[in-house]
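Take a look at the structure set out below.
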Amino acid sequence: MSASPAYSEEKGGSSSLGEPEYGHDPASGGIFSSDYKRHDDLKEMLDSNKDSLKLEAMKRIVAMIARGKNASDLFPAVVKNVACKNIEVKKLVYVYLVRYAEEQQDLALLSISTFQRGLKDPNQLIRASALRVLSSIRVPIIVPIMMLAIKEAASDMSPYVRKTAAHAIPKLYSLDSDQKDQLIEVIEKLLADKTTLVAGSVVMAFEEVCPERIDLIHKNYRKLCNLLIDVEEWGQVVIINMLTRYARTQFLSPNQNESLLEENPEKAFYGSDEEDSKDDKPDAASLVKRKPYVMDPDHRLLLRNTKPLLQSRNAAVVMAVAQLYFHLAPKAEVGVIAKALVRLLRSHSEVQWVVLQNVATMSIKRRGMFEPYLKSFYIRSTDPTQIKILKLEVLTNLANETNISTILREFQTYIRSMDKDFVAATIQAIGRCATNIGKVRDTCLNGLVQLLSNRDELVVAESVVVIKKLLQMQPSQHSEIIKHMAKLTDNIQVPMARASILWLIGEYCEHVPKIAPDVLRKMSKSFTGEEDIVKLQVINLAAKLYLTNSKQSKLLTQYVLNLAKYDQNYDIRDRARFIRQLIVPTEKSGALNKYAKKLFLAQKPAPILESSFKDRDHFQLGSLSHLLNAKAVGYQELPDWPDEAPDPSVRNVEVPEWTKCTSREKRKEKVEKPFYSDSEGESGPTESADSDPESVSESESESSSSSSESGSDSGSRGEESGDQSEEEEEEKKKKKKGKEGPRKEQEQVKKGKKKPPQDEGKGGSESSWEEGSVSESSSSESDSGSEAEESQSEPESKRRTTPPSSKPAPKASRKGTKEISLLDLDDFTPVPPQPASSPAVVSTSLVTDLEGLTLTNASLAPTMLSPVFSTMKTYELLHRMAGEGLSVEYYFNRQPFPPDPHMVAVQIQFSNNTESEVKNLRVSEPKLVSGMRIQEFQEIESLAPGDTASVIMGIDFCDSTQAANFQLCTHSRQFYVSIQPPVGELMAPVFMSENEFKKEQSKLTGMSEITEKLTLLDKCQSDHTIVQRVTAAANVSRVPCGADNEYRFAAKTVTSGSLILITLEQKEAARAHLTVNSEKMVIGTMLVQDISQALAQ
Amino acid sequence: MIHSLFLINCSGDIFLEKHWKSVVSQSVCDYFFEAQEKAADVENVPPVISTPHHYLISIYREKIFFVSVIQTEVPPLFVIEFLHRVADTFQDYFGECSETAIKDNVVIVYELLEEMLDNGFPLATESNILKELIKPPTILRSVVNSITGSSNMGETLPTGQLSNIPWRKAVVKYTNNEAYFDVIEEIDAIIDKSGSTVFAEIQGVIDSCIKLSGMPDLSLSFMNPRLLDDVSFHPCIRFKRWESERVLSFIPPDGNFRLISYRVSSQNLVAIPVYVKHIISFKENSSSGRFDVTIGPKQNMGKTVEGVIVTVHMPKAVLNMNLTSTQGSYTFDPVLKVLTWDIGKISPQKLPNLKGIVNLQSGAPKPEENPSLNIQFKIQQLAISGLKVNRLDMFGEKYKPFKGVKYITKAGKFQVRT
């Protein structure tokens, strides 16, 4: 704010400068002159009551802002329009407000109430946008209001609003960091959110506000891993980076056991790799007692779930996954990222630049990874120089004994490039190759010497510098080269090269005893005109010659030292004084004088030419800090692996309450197929029918890994955990889909339920452990081989998954559904065997996709057929006695009746208890109330004694509970039967969001609303039972609801499609309000009765 | 994350600025200008610049620098990718991403930027969502708007943002339902002096133009999917289906988009469709040289090679070139030292040839290096890798769409060293 006057002045000045271009700007028009009065026009326009004028004015103002001109004096006029009806005006006002509110705090407060109103709007998008603007206004006074709004929005039922809340958190934090504690609470709450929409944004908030609170992640770790693939791209990047850090703190290094066995070629060249050697020592000592490394299943989960993202179109996502693999994966698996990274090299040059920097770092550590792609790093003459140099870096890192000849040939073409900077870099690269690979050292040296006769001085200079370094390794053999270089002092002007030559001659003056003093003579002549580094080397040369050959060079040395004494540069003066003291013996000279020779002519270790990218990998790859090779503001250190793994059980999640899942789950079943997520997808029967066994087994194991199952499983598992063999048997029975299976299971469930509650916790952790292990083994199946050991170490998971994989697909999938239906339900009525003709459960209606916002925790996914399916009541159509041995039962299978969507599907089951065959079972002479229709089932030709058959027929009840009467004929007899539907079966569930629900509900008030008060029994208090009872009584689906004590359900009548909305509000002391909103009052009334009865039972 | 954005043209004018947090003064761009000066060439401006208080991450697109100001650690690719997405969006909205287009539509640009980032974090980047929020300008609409005073702002609320398939608009209706796929393959190659291939690979993309009503669910299968070595997908593609069946199954976005990009495995030998014979030499001490280039077709599977353009960056010492071409026309830019030879179609009967004299600066030493030739060409109706689309099936909608697949092979980074 304080800067604003200066700012406006500056802008005022520039506005007249920018005038000529002003005409380009349609929004600014030609009528305005550059003087300040033009704002009066704008004010007038803003005050008018015509929207078009306001809009025009706002457009001009925004154009001014965009050009960086000051428009702050219009603030009062603009802010008045914040409540304007016209959407575009409003949006532009928001743009203005956010830009200038900070400078005009008092006036900005005028607008706050509008946003506060917006926060209460029934439309989620308006709520979200109000919160967005409100939180973007950087005015400290409104911090409490913002805090309140964020808190409220964080528990909004719309995920979009919650997402906006997550976005608002860092805004508030930057405005007032004192709010941190409260914000962390909100973050914690939002982290638990199960929607993909929120996940990315809240992790971003987490990273900005409290990246150190890694403990908040534990409970959400698995969920984040599973959701990851469906999160939008930007969120993926943030989550992956955060999870990389998390994994470094929670898991053990996957490479700790390998480092000894592995051959480590880079060590030969770069000395010992720090990290490896660190690993080595403890390993060597404690290898015996250390137990073999087993990867934490959660660690594996992360690696597995991020891998598909390497195929993302977004370079940032690919890079994020690549760095995750680099930092977290076992060495053997890191290779997969190379291909993806090489792909990015086709992208924009900025992307190339960043990727190459990271590849350069990686290629030092893991050279083998990029070797197959060597040619992708070949340089084109059209590449920008900065890209060329990075590619060169990578090529040099990749050079080894086998490919060095190809690389050198490539380098030869580069040396003739027009781009001299690049040529210089190439020469350095050759030098590095020569030092690293002894075999080619002579070849390289010869090549470089040839370059000394190059016409371009830069090339020669660079060669000299590199040759100097190479010669230092084996000087004795190369006095010829040194002589050759000594001659160059006459011509070469580049200071660095001159300095290098002088140093070489000084260092090896014994090899060139005749030339050295002559060089010194020449240099002392030109001493005053030399660059500083050259001067220093001249002094150096003089000193060395004085020591070795004082006869010839004594005078020259003194001359040089005298020149240096009066040099302008203090470094040189200093050096001259120091050297004089050292070498020229005087009476005062100290003890050091004796050692002068040792000091100057000591053996010097050859320099190691190494990559500037070495050791950069202590920064998290892909980060800004890595790129700059310096810690950027806000950089979070990548921690070292822990020595001991922290307790993995912290990631176990309490079993999500079953009831909370139902609606989502049902929606999931409709969501035709998720994008990417592997936990979903192939679970639908239609799908698995044609997919290969592998995917079936996967869907199978996935479905069992889903937390909904583990939720229901928890009871029984808790019970069984001690008795493995029993469970095994159980398992087998399930696979056979025998009838006893369900009953037994169910008994167990009952037993489990009766267990005291403290067992619950144990069961929970048990089951989620299982969840991990199951998913683990599913990967081991698909990933073939590599993880075989791991899954063996977990026999449990192995056993669970192998059998189904060998079964034919369709069976497996049906059994899958069956298995799920067995779970959980305490008032289970044995389900008659599933008819083979049962229609597909998955409806491919994609429209629900659109609404299916609450993409749940992916692990919930494929458990289709929620309780609805299993709580079907069976009704008797024909008693065994009345039917003379033929008994007929029916139930409503609650599935859409495909031939006619207006019909209710009725599953009819015949069992022949007579001694003889019953033939020609069919429906005839339906006597129906007008409007009612029947779709008869196909005639059953014959039913053997003792056999059962099951068929589906469709009946259009016209949304009434009147019975459908018809005759059931056999070859010999006919029976009059009637089917009377309970009101709850006349509807089909619909999936809607909370907002839609509210919207619809508001339309159905007055006459269409039926309310009843009821008292809930003790046993009926839990979410679980309530939802179950309601869904048992009526074919409805649950609608997500923000409030705890409220349950919402929605359905449509089958025939007319009118909505039925059910709300159950729990009040204090077991009282509750049941409200049904529906156009069909009769149905509504009956439904209220049925449901309250069901709840009262 | 992203604090501010400045758009700067080549002459160094900041013509647009947008701040998502507190205002950052324009003077921060001085660091950028400094780096730009140092780099000499626009391509060599480092994309990441560190300044005392900020970091500048920039991209260069269509003669515009997009300079973003960052204050804290953020993955640089995140910002770069986003900036490119911004440029793509401008391209998509205005047909070109140029300074004039941006200045002409400054309000829409501002609205777009406002929607794309919230507090510096990307919010809505999918073109389908953005178009629902802010309608792209068309001539018709701007006429109507100027008469009725209505606006480009979508009246409806952007429900797409709430969808879990954010890339597709909710209600799409067409009278003609069409789905077109262009399989475009580019050959990247480096050919050495002697004409042997140093490096060659095929990079391909499938660009789609989908105009289908409702919520179609498409699956596209290939005759030979194993050819595709490394694939990257539009988010709409179901990864699992691809993994298990090698079928692209997706609910497409509406309009134009890139479905996949792929690389054909490098093990396969790449058929190089053209060959080049060249003699480029400079005589010692005579300030002239010889230039003789012939280009001919080879292994092109009976298709004509067309749109052939040869570009050569000549050494700095070259003053002028006197050449005659048997086909097409050539230009030489004496400032940039770029020779462009636009040939057109190559007919195998008469091979195009360009030869003549190169004039060098007198007194300058003979250039050491030989320039490399960059070649562009196009072959219609051919995917050089042999990739073939097998079939396209549509589920979820009842109508019969019109389907079309087109194959094109082009030269990518195709370079002949001399």
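These figures come from a predicted structure and were not determined experimentally. The chains referred to below are lettered A, B, ... by the order of the sequence lines, with proteins before strands, and numbering in each begins at 1.
Note on A/S376, A/A340, A/A320: by heavy-atom pairs under 4.5 Å with chain B, the leading option is A/S376. The candidate from A/A630, A/G634, A/S625, A/S135 with the greatest count of non-hydrogen atom pairs under 4.5 Å with chain B is A/S625. Contacts with chain A were tallied for B/I260, B/T125, B/V109, B/L113; B/T125 has the most, counting heavy-atom pairs under 4.5 Å. Most heavy-atom pairs under 4.5 Å with chain B: of the set A/M58, A/R416, A/R380, this distinction falls to A/R380. Taking A/R409, A/M204, A/K631, A/R313 one by one and counting their heavy-atom pairs under 4.5 Å with chain B, the maximum is reached by A/R313. Top candidate by heavy-atom pairs under 4.5 Å with chain A, chosen from B/I14, B/N374, B/V48, is B/V48.
Of the two parts of A/V318, neither the backbone nor the side chain holds a non-hydrogen atom closer than 4.5 Å to a non-hydrogen atom of chain B. Using a 4.5 Å cut-off between heavy atoms, B/F121 contacts chain A through both its backbone and its side chain. Only the backbone of A/I379 comes within contact range of chain B, with at least one heavy atom under 4.5 Å from a heavy atom of that chain. The part of B/S58 that comes within reach of chain A is its backbone (N, CA, C, O), which places non-hydrogen atoms under 4.5 angstrom from that chain. Only the backbone of B/Q71 comes within less than 4.5 Å of a heavy atom in chain A; its side chain stays farther off. Contact of B/Y60 with chain A is made through backbone and side chain together, with heavy-atom distances under 4.5 Å. With a 4.5 angstrom heavy-atom cutoff, B/E114 touches chain A via backbone and side-chain atoms both. Heavy-atom distances place both the backbone and the side chain of A/M418 under 4.5 Å from chain B. Residue B/D192: no heavy atom, backbone or side chain, is found under 4.5 Å from chain A. With a threshold of 4.5 angstrom between heavy atoms, A/S136 approaches chain B through side-chain atoms but not through N, CA, C or O. Proximity to chain A is absent for every atom of B/W242, based on heavy atoms less than 4.5 angstrom apart. Heavy-atom distances place both the backbone and the side chain of A/I65 under 4.5 Å from chain B. With a threshold of 4.5 angstrom between heavy atoms, A/K163 approaches chain B through side-chain atoms but not through N, CA, C or O. Looking at B/V79, neither its backbone nor its side chain comes within 4.5 Å of chain A, counting heavy atoms on both sides. Heavy atoms of A/W234 lying under 4.5 Å from chain B belong to its backbone as well as its side chain. With a threshold of 4.5 angstrom between heavy atoms, A/N241 approaches chain B through side-chain atoms but not through N, CA, C or O. Heavy-atom distances place the side chain of A/E208, and not its backbone, under 4.5 Å from chain B. Within the 4.5 angstrom heavy-atom criterion, atoms from both the backbone and the side chain of A/V342 approach chain B. With a 4.5 Å cut-off on non-hydrogen atoms, A/Q620 does not touch chain B at all. Residue B/A317 does not touch chain A at all, counting heavy-atom pairs closer than 4.5 Å. For a residue to count as touching a neighbouring chain, one of its non-hydrogen atoms must lie under 4.5 Å from one of that chain's; by this rule A/T413 touches chain B with the side chain only. Within the 4.5 angstrom heavy-atom criterion, only side-chain atoms of A/R138, from C-beta onward, approach chain B. For A/Q352, the part lying under 4.5 angstrom from a heavy atom of chain B is the side chain only. Contact of B/L16 with chain A is made through backbone and side chain together, with heavy-atom distances under 4.5 Å. B/D41 does not touch chain A: none of its heavy atoms, backbone or side chain, sits under 4.5 Å away.
A salt bridge links B/E115 with A/K91; the closest basic N to acidic carboxylate O contact falls under 4.0 Å. A salt bridge is defined here as a Lys NZ or Arg NE, NH1 or NH2 lying under 4.0 Å from an Asp or Glu carboxylate O, and A/K339 with B/D230 fails to meet this definition. With respect to the salt-bridge test (charged N to carboxylate O, under 4.0 angstrom), the residues B/E186 and A/R346 qualify. A salt bridge links A/E233 to B/R85: at least one charged side-chain nitrogen sits closer than 4.0 Å to a carboxylate oxygen.
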Check against side chain to side chain contact (heavy atoms under 4.5 Å, CB included), B/H53 and A/V633: CA-CA 9 Å; B/H53 299 289; A/V633 181; over 6 Å; no
Salt bridge (charged side-chain N to carboxylate O under 4.0 Å, His left out) between A/K171 and B/D118, worked out: CA-CA 10 Å; A/K171 298 185 205 170; B/D118 180 16; 2.8 Å; yes
Verdict with supporting geometry, B/L77 and A/V351, side chain to side chain contact (heavy atoms under 4.5 Å, CB included): CA-CA 6 Å; B/L77 269 186; A/V351 176; 3.8 Å; yes
From CA spacing to verdict: side chain to side chain contact (heavy atoms under 4.5 Å, CB included), B/E111, A/L92: CA-CA 8 Å; B/E111 285 166 349; A/L92 295 177; 3.4 Å; yes
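Each of A/S174, A/S201, A/P170 was evaluated against B/N119; a single residue qualifies, A/P170, per the side chain to side chain contact (heavy atoms under 4.5 Å, CB included) test.
Of the N and O atoms on the side chains of A/S349 and B/E43, not one donor lies less than 3.5 Å from an acceptor on the other residue.
By the 4.5 Å heavy-atom criterion applied to side chains, A/Q323 and B/P75 are not counted as neighbours. A 4.5 Å side-chain heavy-atom check between A/E102 and B/S22 finds at least one atom pair inside the cut-off. In this structure the side chain of B/E81 never reaches within 4.5 angstrom of the side chain of A/V237, judged on heavy atoms. A 4.5 Å side-chain heavy-atom check between A/Y635 and B/T72 finds every atom pair outside the cut-off. At least one side-chain heavy atom of A/V354 sits under 4.5 Å from a side-chain heavy atom of B/I80. With a 4.5 Å cut-off on side-chain heavy atoms, A/E410 and B/V198 count as touching.
In terms of heavy-atom proximity, A/R132 sits nearest to B/L117 at NH2-O, 3.4 Å. Of all heavy-atom pairs between B/F239 and A/P308, the closest is CE2-CB, 3.2 Å. When all heavy atoms are compared, the tightest approach of A/G622 to B/P76 is O-CD, 3.0 Å.
One distance of note links OG of A/S381 with CD of B/Q415; it measures 3.5 Å at 0.5 Å rounding. A distance of 13.0 Å separates CH2 in B/W20 from CZ in A/R99, rounded to the nearest 0.5 Å. In this structure, the separation between CZ on B/F82 and CG on A/N314 is 11.0 Å, given to the nearest 0.5 Å. To the nearest 0.5 angstrom, B/W167 atom CH2 is 12.0 Å from A/E232 atom CD. With rounding to the nearest 0.5 angstrom, the CD atom of A/Q311 is 15.0 Å from the OH atom of B/Y262. How far CG of A/L624 is from CD1 of B/I57: 5.5 Å, rounded to the nearest 0.5 Å.
The aromatic rings of A/H348 and B/H84 lie parallel to each other, with less than 30° between the two planes, well short of the 60° mark.
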